[in-house]
Each structure stands twice: as structure tokens, then as C-alpha cells.
Amino acid sequence: MLKKIEENLNAFFNAKNIDDILYILCLDFYKYLYSSNLDKDKIDIYYENMKKRGKVKLFSNKKRGSNP
């Protein structure tokens, strides 16, 4: 799924409806949970490489009293 998003984000969202996307995300999440440690390591390395290239959006909690 990440590779499809990486190729063309607009085409990905136009081709799928939100329910399909949520289903795919949940399915991939459970596949990750039940995969072997070696597979998890490969996924984690792929994610870290994407983070280094700036392809991953990191979300953080805002502190109280901070400007929007």
C-alpha cells in the first residue's frame, strides 16, 4: 500500500473510497502484528529510510498554551 501511495497520492485516493482505505490499513496493521520478527525488522528499516528521506509525516501532540 505504501508503494501505491508513494507512486501517486492523488490517484491512490481517487481510486479508492475511504472505507476501502481503512480496511486496507487495518488489514496491514494486523499482518504486521502477527508477522515474524525478521519481517517486522524489514518493515521498520523501510519506515526509517522513508523518514530520513522526508517521506513520512510525523504527528506530535501540541503542548497546552502553544500557538496553533
Side-chain angles (χ1 to χ4, degrees):
M1 188 167 126
L2 286 175
K3 290 185 185 204
K4 290 180 184 175
I5 292 171
E6 215 176 33
E7 288 171 6
N8 189 341
L9 182 64
N10 290 331
F12 175 78
F13 282 115
N14 289 333
K16 302 278 184 186
N17 66 36
I18 294 298
D19 292 335
D20 290 340
I21 294 170
L22 291 175
Y23 174 76
I24 292 168
L25 285 173
C26 289
L27 190 62
D28 286 348
F29 174 72
Y30 284 108
K31 282 181 186 176
Y32 175 79
L33 282 180
Y34 292 104
S35 61
S36 68
N37 287 337
L38 179 62
D39 290 338
K40 285 181 184 177
D41 289 342
K42 288 178 185 177
I43 293 168
D44 292 341
I45 290 168
Y46 178 76
Y47 172 76
E48 288 298 323
N49 287 335
M50 291 201 40
K51 196 165 63 170
K52 289 176 186 174
R53 292 186 305 194
K55 300 272 185 177
V56 175
K57 172 71 175 159
L58 300 176
F59 295 97
S60 62
N61 293 333
K62 288 192 169 204
K63 295 182 181 181
R64 291 183 184 172
S66 65
N67 292 332

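All residue numbers refer to positions in the sequence shown, counting from 1.
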Going from [atom1] on [X] to [atom2] on [Y], what distance comes out if it is rounded to the nearest 0.5 angstrom?
X: Lys31; Y: Ile24; atom1: NZ; atom2: CD1; answer: 9.5 Å
X: Leu38; Y: Lys42; atom1: CG; atom2: NZ; answer: 4.5 Å
X: Ser35; Y: Ile43; atom1: OG; atom2: CD1; answer: 5.0 Å

Qualifying residues under side-chain hydrogen bond (donor to acceptor under 3.5 Å, both in side chains), relative to Tyr23, sequence neighbours excluded: none
Partner set under side-chain hydrogen bond (donor to acceptor under 3.5 Å, both in side chains) for Asp44, not counting sequence neighbours: Tyr32
Side chain proximity check, Met50 to Tyr46, heavy atoms < 4.5 angstrom: yes
side-chain contact (heavy atoms from CB on, under 4.5 Å) partners for Leu33, two or more places apart: Phe29, Tyr30
